[in-house]
Asker: 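Shown below is the structure under consideration.
The first residue of the sequence shown is numbered 1, and numbering continues consecutively from there. Hydrogens, waters and symmetry mates are skipped; everything else that's a heavy atom, side chains included, is used.
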Amino acid sequence: MSTDQPGGKSAHQKTSTPVTCPICSGAGYLREDVPVGHPRFGQLVACQCMQARLEAQHLSDLRAVSNLDAMARYTLDRFMPDGVGLTEDKRKNLRKVYEAVQGYAEEPRGWLVLLGGYGCGKTHLAAAIANEQVVRGQPALFVVVPDLLDHLRAAYSPHSPTAYDVRFDQVRNAPLLILDDLGAHSSTEWAQEKLFQIFNHRYNARLSTVITSNQELEAIDIRIRSRLIDPDLVQICTILAPDFRASGAEQASSELSSLSLHSEQTFDTFSLRNKELSADQVASLQQAFTFASSYAENPEDWVLLSGSYGCGKTHLAAAIANRRVQLGYPALFVVVPDLLDHLRATYAPSSIVPYDKRLEEIRSAPLLVLDDLGTHSATPWAQEKLYQIFDYRYNARLPTVITATDDANIDERLKTRLFDRGRCTNLRINAPSYRGSEARAWQQSRRRR
């Protein structure tokens with residue numbers, strides 16, 4: 001479309017029938033300057049002023065649906081990327097997630113999934129992305145998933161100001177869609193189908209999307225989950241920070257951990273039993289000891305310590321946890337049967353800790369030591385709870401230490417995580433029970449020092 005014509009006439013004047021923009025009190029449309037016979041000859045197109053007006057109306061409609069006005073305070077500038085009173089591990093994690101969100105807000109491409117517990121800041125960060133886009137003049141649709149489903153249901157009403165098809169198309173084709181609190185909706189067939197249609201459309205079209213959830217991915221409809229774990233499109237960020245509204249004392253304490261019962265099990269009190277074992281057995285202990293000592297200084301991914309009863313695997317696992325605490329970091333040490341008992345106890349009417357909070361405490365622990373895996377009762381419920389914990393920590397790559405005997409009864413789903421050499425280091429201690437007289441004498445001598 002040309003902007004000028006001979007004689008200095010403006011684009012608003014260049015039509016056989018003058019049609020001017022809204023600024024000139026006209027209709028706001030132009031006839032395109034094309035020769036007779038052209039497919040678009042005589043057709044009206046919106047002028048720049050009308051286009052701006054239409055875009056403003058579109059943004060207003062999106063804001064009305066998303067309720068961003070009520071979340072204007074959620075900006076990146078107002079977020080505390082170092083948290084409040086966090087441990088170094090959690091502070092680094094929160095800072096890393098914040099920087100990932102910053103980068104996405106500047107150039108929203110692909111999908112961003114923010115996972116974490118209640119009150120950890122994921123909704124603030126997601127809303128901040130939307131607000132940043134609106135400031136830049138770009139449309140962004142922010143909506144809480146249960147509210148989204150309510151909006152879609154309401155659109156069926158004959159009194160609805162917006163038809164269902166229009167509302168549904170607004171959501172699935174929004175240039176940037178932020179879905180907050182996925183998993184909090186009622187899992188009816190209708191709800192699951194509507195969400196799948198939205199996710200599938202945006203997945204195929206590669207439309208920018210942000211999702212937040214406090215649930216593990218395994219609890220989400222498998223059709224949606226398969227889209228969320230596509231590494232070519234999706235970036236998953238797990239926030240380890242606790243509820244910003246919780247007190248410091250509440251964050252620091254845990255009745256789950258039995259590490260206090262293993263206070264004497266440190267690297268200094270561990271014996272390699274050189275005088276009572278064969279060279280191969282000593283080498284096995286030395287390898288496990290060396291790796292555990294290094295891991296305690298900078299824990300990454302998983303470690304599986306296996307062997308016979310009393311071979312020293314629990315001692316090394318406790319030594320790792322004690323070393324982290326000595327360095328000022330939190331560590332959750334728990335025997336697996338006790339862990340399951342704690343989860344069962346939350347179902348009691350007298351429990352002061354809700355199940356969701358207890359499960360979140362376990363699966364999001366900065367360092368989790370699970371002692372004696374395989375000695376628990378292998379009920380379907382127990383297997384499912386352990387799988388949820390293992391799978392969450394596996395996907396989030398959270399440091400985890402597991403001990404198990406050689407004949408432990410371990411669910412096949414857990415084994416797929418434990419024997420992934422890219423994520424878990426397997427150390428088998430080829431030594432008999434730690435009960436020799438030399439070992440006891442050595443321990444007593446260490447206590448006297």
Side-chain angles (χ1 to χ4, degrees), residues 87-90 92 252 254 256-336 338-339 365-373 393 397-406 408 418 421 423-449:
T87 62
E88 185 66 14
D89 286 348
K90 291 183 178 179
K92 287 182 178 180
S254 173
L256 284 175
S257 185
S258 57
L259 188 58
S260 61
L261 302 177
H262 302 268
S263 59
E264 292 187 356
Q265 292 180 319
T266 66
F267 292 115
D268 288 340
T269 61
F270 189 82
S271 171
L272 295 175
R273 305 161 67 186
N274 294 296
K275 296 181 180 180
E276 67 171 287
L277 300 179
S278 67
D280 289 344
Q281 292 170 336
V282 171
S284 172
L285 274 178
Q286 181 67 64
Q287 180 187 22
F289 176 84
T290 301
F291 185 90
S293 300
S294 175
Y295 183 88
E297 299 301 319
N298 185 27
E300 292 184 359
D301 288 328
W302 292 17
V303 179
L304 171 61
L305 296 166
S306 61
S308 62
Y309 287 105
C311 69
K313 56 188 184 296
T314 296
H315 188 140
L316 287 177
I320 292 172
N322 281 317
R323 177 57 178 162
R324 296 306 293 168
V325 171
Q326 182 184 28
L327 292 173
Y329 300 106
L332 179 57
F333 183 103
V334 59
V335 181
V336 173
D338 293 344
L339 177 148
L367 173 66
L368 176 63
V369 181
L370 294 174
D371 189 36
D372 224 2
L373 177 67
R393 297 186 68 83
R397 305 196 78 154
L398 296 176
T400 308
V401 179
I402 304 105
T403 76
T405 58
D406 293 331
L418 292 174
R421 296 188 177 183
R423 298 280 184 94
C424 184
T425 300
N426 283 258
L427 299 170
R428 184 180 183 280
I429 300 176
N430 181 26
S433 179
Y434 191 59
R435 303 181 191 279
S437 58
E438 187 274 339
R440 287 196 298 271
W442 186 88
Q443 281 188 315
Q444 291 171 1
S445 69
R446 292 295 300 176
R447 292 194 183 102
R448 289 194 294 266
R449 295 180 186 180

Asker: Going through the checks in order, is the side chain to side chain contact (heavy atoms under 4.5 Å, CB included) test met by D372 and V336?
Answerer: CA-CA 6 Å; D372 224 2; V336 173; 5.6 Å; no
Asker: What residues form a side chain to side chain donor-acceptor pair (under 3.5 Å) with D338, not counting sequence neighbours?
Answerer: none
Asker: Working note: L367 + F333, criterion side chain to side chain contact (heavy atoms under 4.5 Å, CB included); need CA distance, chi angles, decisive distance, verdict.
Answerer: CA-CA 8 Å; L367 173 66; F333 183 103; over 6 Å; no
Asker: Within a reach of under 6.0 Å around CD of Q286, are more than 12 heavy atoms found that belong to other residues, nucleotides or ligands?
Answerer: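 Enclosed: over 12 neighbouring heavy atoms sit under 6.0 Å from CD of Q286.
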Asker: Do you know the tightest heavy-atom contact between A318 and L259?
Answerer: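 Minimum heavy-atom contact is O-CD1, 4.0 Å.
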Asker: Measure the CG-OH distance between D406 and Y309 for me, rounded to the nearest 0.5 Å.
Answerer: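 Reported value, rounded in 0.5 Å steps: 10.0 Å.
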Asker: Parallel, tilted or perpendicular for F270 and F289, by the 30°/60° rule?
Answerer: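 Geometry flag for F289 against F270: parallel rings.
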Asker: Going through the checks in order, is the side chain to side chain contact (heavy atoms under 4.5 Å, CB included) test met by Y295 and V401?
Answerer: CA-CA 10 Å; Y295 183 88; V401 179; 3.6 Å; yes
Asker: Within the structure provided, determine whether P432 and R273 are in side-chain contact (heavy-atom separation under 4.5 Å).
Answerer: yes
Asker: Compare every heavy atom of T314 with every heavy atom of D371, then report the nearest pair and how far apart it is.
Answerer: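 In this case the closest contact between D371 and T314 is OD1-OG1, 2.8 Å.
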Asker: Determine whether a donor-acceptor pair (N or O, by modelled atom type, separation under 3.5 Å) exists between the side chain of S284 and the backbone of R428.
Answerer: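 Between the backbone of R428 and the side chain of S284 there is a qualifying donor-acceptor contact (under 3.5 Å).
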Asker: Would you check, one step at a time, whether the test side chain to side chain contact (heavy atoms under 4.5 Å, CB included) holds for T405 with K313?
Answerer: CA-CA 9 Å; T405 58; K313 56 188 184 296; 4.0 Å; yes
Asker: First locate atom CG of N430, then atom OG of S278, and finally report the distance between them rounded to the nearest 0.5 Å.
Answerer: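 N430 atom CG to S278 atom OG measures 7.0 Å (nearest 0.5 Å).
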Asker: Is it true that a side-chain atom of R324 and a backbone atom of A296 form a donor plus acceptor pair closer than 3.5 Å?
Answerer: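 Indeed, once roles are kept as given, a pair shorter than 3.5 Å links the two residues.
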Asker: Where do P399 and P299 come nearest, in terms of heavy atoms and distance?
Answerer: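 Result for this residue pair: CG-O, 3.5 Å.
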Asker: For the atom pair CG (L427) and OG1 (T403), what is the distance rounded to the nearest 0.5 Å?
Answerer: 12.5 Å
Asker: Heavy atoms only: give me the nearest A431-C311 pair and the separation to one decimal.
Answerer: O-CB, 3.4 Å
Asker: Looking only at side chains, do H315 and T269 share a donor and an acceptor under 3.5 Å apart?
Answerer: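 T269 and H315 do have a side-chain donor-acceptor pair below 3.5 Å.
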Asker: Any side-chain donor-acceptor pair under 3.5 Å between N322 and T266?
Answerer: no
Asker: Is any side-chain heavy atom of T425 less than 4.5 Å from a side-chain heavy atom of D301?
Answerer: no
Asker: Rounded to the nearest 0.5 Å, what separation is found between the CD1 atom of I320 and the OG atom of S294?
Answerer: 10.0 Å
Asker: Using a 3.5 Å distance criterion without hydrogens, assess whether the side chain of R397 forms a donor-acceptor pair with backbone atoms of R423.
Answerer: no
Asker: May I ask you to test the L373-L418 pair for a side-chain heavy-atom distance under 4.5 Å?
Answerer: yes
Asker: So, for Y329 and E88, which heavy atoms are closest and what is the spacing to 0.1 Å?
Answerer: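 In terms of heavy atoms, the two residues are closest at CE2-CB, 3.1 Å.
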Asker: Closer than 3.5 angstrom, by distance alone: can the side chain of T400 be matched with the main-chain N or O of L398 as a donor-acceptor pair?
Answerer: yes
Asker: When rounded to the nearest 0.5 angstrom, what is the spacing between CD in Q265 and CG in L316?
Answerer: 9.0 Å
